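Model, not experiment: these values are computed from the prediction. One-based numbering along the sequence shown. Start at 1 and go down the list; that is how both ligands and their atoms are numbered.
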Amino acid sequence: MKDKDCIFCKIANGEIPSTTLYEDEDFRVILDLGPGSKGHALILPKEHFRDLNALDPAVAAKVLPLAAKIGAAQMKALGAAGYNVVQNNGTEAGQTVFHFHVHIIPRYAGAPKIVTWTPGSPSKEELAETGSRIREAL
Ligand code: 5GP
Ligand code: ZN
């Protein structure tokens, strides 16, 4: 299914031009217009899925191998020292386009960290309680 109001549906299916790195029957991989670093790419499925929880498992199974292929090419072509794979679900998690996509963000030696958090220090009891709540929801 496509969503006629979705910009990533239009880009993924070639109705809106993009800098395309790779295309097959399931995906288009493009350069992000607001890159976190040089070469920042987005993997877009051609079908519309709102987020990871809506993603067809058969499509999902192909995403990480494709991410590895793109990341390896970024390192080879651009001299990146590594890359981050980022995927946001929900507004509070930073999702701004509600068509599932994966960010592949090259990382260069000496450049500032892009994906960071401040580590917390939960007690053993808190970890156990949090773990139990999540397990019960699976
Ligand atoms: P999100 O915040 O939803 O995980 O990521 C959306 C990403 O899409 C952002 O990094 C933003 O720069 C990128 N983006 C938004 N609109 C366009 C567009 O029209 N073309 C391209 N190439 N990237 C876009
Ligand atoms: Zn879409």
Any N/O of I30 closer than 3.5 Å to an N/O of ligand 1? no

Is there a nitrogen or oxygen of N88 sitting under 3.5 Å from a nitrogen or oxygen of ligand 1?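 In this structure, N88 places an N or O atom under 3.5 Å from an N or O of ligand 1.
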
Test item: [X] side-chain N/O and [Y] main-chain N/O as donor-acceptor pair under 3.5 Å:
{"X": "Q95", "Y": "D51", "value": "no"}
{"X": "Y22", "Y": "L66", "value": "no"}
{"X": "N13", "Y": "K46", "value": "yes"}

Would you please determine whether [X] falls within less than 4.0 Å of ligand 1 on a heavy-atom basis?
{"X": "G94", "answer": "yes"}
{"X": "F8", "answer": "yes"}
{"X": "T19", "answer": "no"}
{"X": "H103", "answer": "yes"}

Do [X] and [Y] come close enough that some side-chain heavy atom pair is under 4.5 Å?
{"X": "H99", "Y": "P45", "answer": "yes"}
{"X": "D3", "Y": "F98", "answer": "no"}
{"X": "H103", "Y": "N84", "answer": "no"}

Would you mind listing which atoms of ligand 1 come within a distance below 4.0 Å of any non-hydrogen atom of [X]?
{"X": "I11", "value": "18 (C), 19 (O), 20 (N)"}
{"X": "I7", "value": "19 (O)"}
{"X": "H101", "value": "1 (P), 3 (O), 4 (O), 5 (O), 6 (C)"}
{"X": "Q95", "value": "3 (O)"}

Region of I16 that comes within reach of ligand 1 [heavy atoms, distance under 4.0 Å]: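 Near ligand 1, I16 shows nothing, with every heavy atom at 4.0 Å or more.
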
Under-4.0 Å heavy-atom contact with ligand 1, by part of V86 that carries it: neither

Nearest heavy atom to atom 9 (C) of ligand 1, choosing from D32, N89, L33, belongs to D32

